[in-house]
Amino acid sequence: MIVYNNTINIDPFIEERWLQWLLQEHIPEIMALGLFTEWKMFRLLEQDDTEGMTFVIQYFAPSLENYYLFTEEFAPALQRRSFDKWGDRFIAFRTVMEVVH
């Protein structure tokens with residue numbers, strides 16, 4: 001199992017609207033591609049949130065091929081739309097992991 005991990009710090013000014021967009025539009029659009037089997041979302045605790053909250057969204061793929069297909073064929077357009085909508089009001093970084101146990 002492969003985990004595509006997105007860590008995102010959100011400007012407090014857009015946090016509520018961003019969460020609504022993420023849960024109602026962005027995540028459903030990604031899941032509709034059929035490349036990931038499930039997703040989970042977390043909010044970091046014990047952090048300095050004066051510059052916004054940090055969220056982690058994890059998408060679970062059955063294979064690296066699914067992950068590569070997503071990152072090559074779909075991720076660039078999805079990321080572009082996110083920047084078009086929210087500009088520089090968020091900071092994101094992505095990692096990929098393999099479930100070991």
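Atoms considered below: every heavy atom in the structure, side chains included; atoms not considered: hydrogens, waters and symmetry mates.
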When rounded to the nearest 0.5 angstrom, what distance separates CD in Glu72 from OH in Tyr67?
9.5 Å
Counting heavy atoms not belonging to [X], are there more than 12 under 6.0 Å from its [atom1]?
X: Tyr68; atom1: OH; answer: no
X: Glu38; atom1: CD; answer: yes
X: Arg43; atom1: CZ; answer: no
X: Leu78; atom1: CG; answer: yes

Is there a path of hydrophobic side-chain contacts, each under 4.5 Å between heavy atoms of I, L, V, M, F, W or Y residues, that connects [X] with [Y]?
X: Val56; Y: Met1; answer: no
X: Leu33; Y: Leu22; answer: yes
X: Met97; Y: Val99; answer: yes
X: Trp18; Y: Phe13; answer: yes
X: Phe60; Y: Leu69; answer: no

What's the shortest heavy-atom distance between [X] and [Y], and which atoms?
X: Thr37; Y: Pro62; value: CG2-CD, 4.0 Å
X: Ile57; Y: Ile8; value: CD1-CD1, 3.8 Å
X: Asn66; Y: Gly34; value: ND2-O, 4.3 Å

Sidechain N-carboxylate O distance under 4.0 Å for Glu29, Arg81
yes
Classify the ring geometry between Trp21 and Trp86 as parallel (under 30°), tilted (30 to 60°) or perpendicular (over 60°).
perpendicular
Geometric class of the Tyr4/Phe36 ring pair [parallel <30°, tilted 30-60°, perpendicular >60°]
parallel
Do [X] and [Y] have side chains that get closer than 4.5 Å, going by heavy atoms?
X: Arg94; Y: Gln79; answer: yes
X: Phe74; Y: Leu35; answer: yes
X: Leu19; Y: Phe55; answer: yes
X: Ile10; Y: Glu15; answer: yes

For a side chain to side chain contact (heavy atoms under 4.5 Å, CB included) check, start with the C-alpha distance between Tyr59 and Met31, then their side-chain angles and the critical distance, and finish with the verdict.
CA-CA 9 Å; Tyr59 301 94; Met31 294 305 295; 4.1 Å; yes
Do the side chain of Asn9 and the main chain of Ile91 share a donor and acceptor less than 3.5 angstrom apart?
no
Should Met41 and Leu23 be marked as a side chain to side chain contact (heavy atoms under 4.5 Å, CB included) after you check the CA-CA gap, both sets of side-chain angles, and the distance that decides it?
CA-CA 10 Å; Met41 183 172 176; Leu23 295 170; 4.0 Å; yes
